[in-house]
Structure formats: C-alpha cells, structure tokens
Novice: 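Pasting a structure here, questions to come.
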Amino acid sequence: MALSVTAGIQAQEVNDSTVKQQKLKEVVVTSSQSASKRMKEVQIGVEKIDIGKMTQIPTLFGEKDILKSIQMLPGVKAESEGSCGFEVRGGTAAQNLVLIDNAPIYNPGHFVGLFSAFNDEAMQTASLYKGQIPAMFGGATSSVLDVASKAGDMSNWHAGFSIGLLASKVEVDGPIVKDKVSMLFSARRSYLDLFLKLSEKYRENTMNFYDVNFRTDFDISPANKVFVSFYKGKDNMEIDDLAEMRWGNMAVSGGWKYMLSEKLRFNTTLSFNRYKSKEGFNATHLDYKMNGHIEQTILKENIDWRPSAHHAFSIGAQASYDDIVSAEWEYLTIHEKEQRYGTEIAGWVNDDWKVAKWLEMSLGLRYNHFKKYDAIEPRASMKLNINELHCIKGGYSRTAQNIHAIRNSSTSMPMDRYTLSTDFVKPEKADQVSLGYFGMTKEGDYDFSIEGYYKRVSDIYDYKDGKNMQSDIAIENIILGGKGRAYGMEMSAHKNNGRLTGWISYTLSWSENKIDGINNNRWYTANNDRRHDVNLVGMYQLNDFWNVSASFIFNSGQALTAPSAKYQIDGSTVYYYAERNGYRAPATHHLDLSATYTKKLKHCERQWAFGVYNIYNRENPYVITFSEDDNSASGTKATQTALFGAIPFVSFSLKW
C-alpha cells in the first residue's frame with residue numbers, strides 16, 4: 001500500500017520585455033547498467049532503464065514517472081516545463097516510437113502531458129535507443145522507447161494501493177495456477193474533479209484521467225511461454241456545456257516465445273492499438289466538434305539464432321495495417337472528414353558479431369515497403385576495445401517514418417493532426433552518425449563518456465505561414481515539406497559505489513530546419529533547439545533507514561518566434577513576424593531536494609518521503625505571449641507565465 005500527499009502547486013505571471021523559454025525536470029534514476037555493463041554494450045546511444053530504481057528518489061507530485069526520468073539523460077529533453085513529452089537529439093516527440101509490450105502508444109501523457117501514461121507499478125524495464133537503432137525497430141526517425149510491463153508473481157500473491165492528493169493506484173498480482181499461470185492488474189485514477197465538486201463555480205466541470213494495465217503469463221513448458229497484455233488510458237476534460245476534450249490510448253498484445261534449442265528461439269507478437277481524440281466547443285450556437293484516431297494491427301515475428309559464440313542473429317518480419325483519421329469536424333451544416341489507410345510490410349536481419357577480442361560489431365539491414373515507397377535502412381555499430389577500461393564506439397543508422405504528426409506548437413497536444421505518407425507527403429527519412437569514447441576506473445567506481453552525433457532528416461513538414469490545423473480538411477493544402485539537421489555533443493560521468501552515488505551530464509546541441517516557403521527559404525532554428533542542458537543528481541545513504549538526494553537542472557532558453565513589427569487593420573493590431581524562431585526564452589533551472597525514511601517490518605515495508613521541488617522558487621517560463629503596451633518604446637510587451645513555483649511534498653507508502 002502507498003499513501004501519498006502532495007501540496008504547493010502555483011501559477012505565476014511575470015512581465016518581461018526580453019524573450020526566452022524552457023522546460024521542467026525532476027530528480028530521477030537513469031540506467032540500471034553498472035559501469036562494466038555500459039562499457040560492454042556494443043550499440044552506441046542506448047540506455048537501459050530499470051523502472052524499480054526510480055523509487056529511490058521521490059519525484060514531482062510523488063509520482064514515479066518513466067518519461068520524465070529519461071529526460072535526465074544526455075541528449076534527451078522535455079518538450080516544455082512539466083511535460084512528459086520528450087525529444088531526442090534534435091527530433092520532436094512525434095519522431096519517437098513508444099512501445100508497451102510491442103504495441104505503439106501515441107501522445108503518452110495525462111493532463112496534457114503533466115503525468116506520464118505509464119503507471120510505474122505495472123512497468124518492469126525499458127530501453128531507450130537514441131543512436132544506432134536495432135534493425136527490428138522501424139517507424140521512428142528520432143528514437144525508440146521499448147517498455148516491458150511487469151509479469152505477475154508465479155509463486156505468491158501481492159496486493160497494494162496508494163492514495164495521493166491527485167491520483168490513487170491499486171495493484172494485485174500472483175499465481176492463478178502456481179508456477180504455471182500468473183496475472184497482474186494495476187489501475188490508477190485521478191480525482192481532481194472531486195475537489196471541483198466542492199466549488200459552486202466549478203462543480204459542473206470535469207477533469208480526470210485513468211489508466212488500467214492487465215497482464216497474464218502462461219509458463220506452458222521450459223520452451224514455451226505465452227503472455228497477453230492490455231493497456232487503456234483516457235483523459236476527460238469538460239467545462240460546463242461549453243467545451244470538452246477527451247483522448248486516450250488502448251493497446252492489447254499477445255506474445256508467444258518458443259525455444260527450439262539453445263541456439264534458436266522464436267518470438268511471435270500480435271497487437272492492436274488505438275489512439276482517439278475528441279474535441280467539442282459550443283458557443284454562440286456554433287456547436288463545433290473535431291475527432292481523430294490512429295488504429296494499427298501489427299503482426300511481428302522475430303527469430304534469434306546464435307550459431308556460434310561469435311555471432312547472434314536477429315531475423316524477422318512485420319506487417320502493419322494502419323487506419324488514420326487526420327481530422328473529422330462538424331460545425332453548423334458542415335461535416336468534413338479526412339481518413340487514410342495503408343499496409344506497411346518490413347523485414348530485417350541483424351548480426352551481433354564478435355570479430356576479435358578488441359573489436360565487436362552490430363550490423364543490421366531493414367527493408368520497409370509502404371504504398372509506392374520502398375526504404376532500405378542500414379544500421380551499424382562498432383566497439384573498439386582499447387583495453388578492459390577504455391573503448392571507442394561508433395555507429396550509423398538510417399530510419400524511415402510513415403506516420404506524421406503536424407503540430408501547431410512545439411508541445412504535443414491531444415488534438416494534433418496525424419497523417420500517413422501520400423503522393424505529396426513523403427516518408428520522413430533520417431541518417432545519423434555518432435562517435436564516442438567510454439571509460440571507467442578499475443573497480444568501476446566511476447565511468448565517463450563523451451559522444452558526438454550528426455543527424456540529417458528529409459521530408460519534414462510544417463504549417464505554411466498563416467495556416468493552422470483547422471485551416472483545411474485536406475492536410476496537403478496547409479503544409480510544406482523540407483529538411484532538417486541536428487548535431488551536438490553529450491558528456492556524462494557516473495559515481496557508482498559508496499554512500500554517495502549519482503551522475504552529471506551535459507549536452508551541447510543544435511537543431512535547424514529549412515522548408516521552402518517558410519522563413520524566406522532560409523535555414524531557421526527549430527522549435528526544440530536548445531543550446532545547453534545540464535543535469536546533476538546526487539544520492540547519499542545516511543544509514544540503513546535514511547537516504548537523501550538532490551537534483552539540479554539547467555536548460556538554456558528554447559527558441560521562439562516574436563513579432564518584428566505591427567500594424568493596424570480596422571482598429572485591430574496585427575503582428576508581423578520577419579523570422580521564424582529568431583528569439584530565445586529565458587533559461588530554466590531549479591534545485592530539488594528529498595529525504596526518504598524506509599523501515600522494513602516482518603511482512604511489509606513502509607516508507608516516508610519528504611521533498612521540495614524548485615526549492616528557491618524559480619519562475620521558469622512555460623508560456624510567453626505578446627500584447628500591446630503604450631508605456632514601452634516598442635509598444636509591445638512580452639508576458640511570461642510560470643507553471644510551477646516551489647512545491648513541497650510528503651508521501652507515505654506501505655508495501656507487502
């Protein structure tokens with residue numbers, strides 16, 4: 001059982017004629033790998049995440065959040081302050097592939113990204129591929145986050161629940177047939193709308209989310225294992241009878257793992273996933289409605305073949321049927337809908353090859369066919385062992401993506417429009433090269449890394465100047481295509497042993513786009529460009545009961561577009577923008593502290609956690625808007641809105 005209480009949310013406004021913007025983060029645990037395991041990894045740019053380690057440090061609102069956790073890694077950024085949406089190496093969140101038990105999840109956040117769609121009680125492990133992506137993964141030009149849900153205990157039953165200020169959880173798992181069949185059920189529900197009921201003014205409003213995870217595992221024999229996994233999450237927001245927003249994901253997958261021999265294994269997965277969004281607005285008798293969805297049915301077969309100690313092959317194929325409603329809207333007497341279908345077929349082969357004691361390679365090739373488009377996607381990674389403590393890694397990856405998200409802003413929103421590749425909208429393609437040095441001390445107390453990358457992306461899309469998602473039902477009429485590039489350097493250092501552990505990471509990066517018809521056909525800074533990112537985390541074990549931790553985050557200002565001039569038309573002010581993303585928001589930084597008391601009892605474990613997020617109450621920018629100001633020389637002022645100030649929290653948990 002876990003009981004948690006969180007307090008101290010506040011919103012602030014600050015007027016500032018300078019312009020700059022950024023994001024939020026929190027103390028988190030990253031990789032489960034020891035220094036030696038990080039060294040042994042052949043693939044460059046991969047992070048293995050142990051979900052259980054996140055419980056070592058309390059997070060914002062007391063919620064353990066895998067998506068905000070990976071934002072602490074070098075090369076990974078939050079879309080905006082408080083958002084669980086993440087961007088990798090100059091890409092957008094829409095260029096990430098997020099999987100739960102091999103089923104894709106889209107826009108994986110609750111409360112418009114404030115909470116992750118993943119309940120930590122139901123998650124087991126995760127891997128983030130931000131450099132060389134294995135050939136078995138496709139459909140993402142930025143990164144792949146592969147999440148595995150937790151299997152139920154085959155021997156004993158467990159149960160628990162948590163109660164927090166904003167949400168509650170319940171979990172039960174155990175054997176249905178001992179040592180043969182197990183199950184796990186976990187559910188989470190927020191209840192902010194219950195507090196709204198106490199207010200006369202807001203009692204007719206709705207604001208809640210829920211998610212449910214269910215998994216059953218069948219241990220048929222030592223060579224045969226089967227699982228069925230189900231996930232459903234939904235958000236509901238409604239303001240009286242004036243407006244509503246509802247969105248959510250549903251994913252179900254079944255897998256069969258069959259071991260023919262120690263050298264040959266088969267892994268078959270069938271999955272179905274659906275993302276749906278619904279928006280309504282009823283004012284001045286307009287009664288406007290907008291709907292959209294993504295549905296996919298995916299069959300995947302992967303064969304692991306180890307013919308010798310020097311080779312480990314992954315050979316497979318995948319077929320996917322995609323159904324996307326980019327937009328369907330109704331208002332007055334108008335009803336318009338854009339819906340597209342497509343079948344995507346892929347095959348791959350990958351070989352992890354131990355060439356010599358000093359050289360290891362991972363070589364892969366993926367073929368993808370969608371409509372009239374064929375893509376050949378080579379993947380390669382190399383590890384050159386200088387000695388047992390030092391190595392150099394390099395990699396190259398080409399990826400292609402046929403599902404495109406076209407967004408009004410730099411932050412993911414539930415109503416973003418999605419579309420498939422067409423004659424006009426071509427598959428997005430990315431080529432990335434990376435090179436890095438990795439080293440550790442003799443006993444593994446410390447390890448270090450420095451990694452550089454360059455990525456080139458073709459066929460990226462953005463709205464034409466003056467257009468937005470509602471300008472036309474035919475998305476080809478409101479977007480333009482072009483290219484992008486991103487490059488940078490990532491450094492990190494870990495302290496792995498002793499009472500004091502932690503890490504520091506630094507990222508220096510650039511991200512730019514060039515689309516004919518935008519910014520006078522010149523290269524311009526991308527929405528998610530941010531020059532400097534620093535993450536510092538320390539954890540200290542005082543004794544058997546007390547652990548204290550601290551996290552400091554600094555992010556330089558995010559790019560934004562500000563007006564260059566203004567003029568009057570019929571008494572209304574119209575702003576003129578000469579340059580796309582030509583300005584910077586102020587930097588974001590905050591210090592977070594926490595202390596945890598853990599007591600193990602005979603049949604259970606209880607834990608108290610105390611902390612403060614943003615302890616010095618930094619007013620970090622969340623939104624910057626522009627308005628007229630007759631008292632300034634320019635006649636225009638920039639207003640910065642901060643989402644969070646200092647937020648203290650306390651939580652209590654009891655597990656058995």
Novice: For residues Q296 and E344, determine if any side-chain heavy atom of one lies less than 4.5 Å from a side-chain heavy atom of the other.
Specialist: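 They are not in contact (no side-chain heavy atoms under 4.5 Å apart), so the answer is no.
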Novice: In plain terms, say whether D516 and K514 are close enough for a salt bridge, that is, a side-chain N and a carboxylate O under 4.0 Å apart.
Specialist: yes
Novice: Between E428 and V457, which heavy-atom pair has the shortest distance, and what is it?
Specialist: CG-CG1, 3.8 Å
Novice: Are R89 and E451 within salt-bridge range, i.e. N to O under 4.0 Å?
Specialist: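 Here R89 pairs with E451 in a salt bridge, since their nearest N and O are under 4.0 Å apart.
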Novice: Once rounded to the nearest 0.5 Å, what's the spacing between atom CD of Q95 and atom CG of N528?
Specialist: 8.0 Å
Novice: Is a donor from one side chain sitting under 3.5 angstrom from an acceptor on the other, for R340 and T419?
Specialist: yes
Novice: Go through the steps to decide whether D374 and Y367 satisfy the test side-chain hydrogen bond (donor to acceptor under 3.5 Å, both in side chains), and finish with yes or no.
Specialist: CA-CA 7 Å; D374 294 288; Y367 167 76; 2.4 Å; yes
Novice: Between Y331 and Q470, is there a side-chain donor-acceptor contact under 3.5 Å, judged purely by atom types and distance?
Specialist: no
Novice: What is the minimum heavy-atom distance between N477 and K464, and which atoms define it?
Specialist: O-NZ, 3.2 Å
Novice: If you take all heavy atoms of I133 and S142, which pair is closest and at what distance?
Specialist: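 Between these two residues, the closest heavy atoms are CD1-O, 4.4 Å.
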Novice: Is it true that the side chains of N273 and N249 contain a donor and an acceptor less than 3.5 Å apart?
Specialist: no
Novice: Between D431 and Y454, do the side chains contain an N or O donor and an N or O acceptor separated by less than 3.5 Å?
Specialist: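 Absent: no donor and acceptor within the cut-off.
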Novice: So, the side chain of Y321 versus the backbone of E295: is there a donor-acceptor pair under 3.5 Å, distance only?
Specialist: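 No: the side chain of Y321 does not pair with the backbone of E295.
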Novice: Centre of W523's six-membered ring, under 6.0 Å away, within 45 degrees of the axis: is that where NZ or CZ of R485 sits?
Specialist: yes
Novice: Are K371 and D423 ion-paired here, with the side-chain N under 4.0 Å from a carboxylate O?
Specialist: no
Novice: Side chains of E301 and T268: any donor to acceptor distance under 3.5 Å?
Specialist: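 There is such a pair between these side chains.
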Novice: Do the charged groups of E238 and R246 touch, with an N to O distance under 4.0 Å?
Specialist: yes
Novice: Assess, by modelled atom type and distance only, whether the side chains of D322 and S320 contain a donor and an acceptor separated by less than 3.5 Å.
Specialist: yes
Novice: Passes side-chain hydrogen bond (donor to acceptor under 3.5 Å, both in side chains), K77 versus T507? Steps please.
Specialist: CA-CA 10 Å; K77 307 176 182 183; T507 302; over 6 Å; no
Novice: Please report the C-alpha distance between R366 and F137 in whole Å, then the side-chain angles of each, then the deciding distance to 0.1 Å, and finally whether the side chain to side chain contact (heavy atoms under 4.5 Å, CB included) criterion is met.
Specialist: CA-CA 9 Å; R366 182 182 179 91; F137 295 114; 5.5 Å; no
Novice: Under 4.0 Å between a Lys/Arg side-chain N and an Asp/Glu carboxylate O for R398 and E377?
Specialist: no
Novice: Do N208 and S190 pair up side chain to side chain, a donor and an acceptor below 3.5 Å, judged on atom types alone?
Specialist: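 No, because no side-chain N or O of N208 sits under 3.5 Å from a partner of the opposite role on S190.
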Novice: Are there over 12 heavy-atom neighbours, none belonging to R531, within less than 6.0 Å of that residue's CZ?
Specialist: yes
Novice: Please give me the minimum heavy-atom distance between H404 and S421, naming the atom from each residue.
Specialist: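 For H404 and S421, the tightest heavy-atom pair comes out as NE2-OG, 3.1 Å.
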Novice: Work out which heavy atom in Q132 is nearest to a heavy atom in A380; give both atom names and the distance.
Specialist: CG-O, 3.3 Å
Novice: Indicate whether the side chain of N102 and that of S271 have a donor and an acceptor atom separated by less than 3.5 Å.
Specialist: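 Not at all, the side chains of N102 and S271 share no donor-acceptor pair under 3.5 Å.
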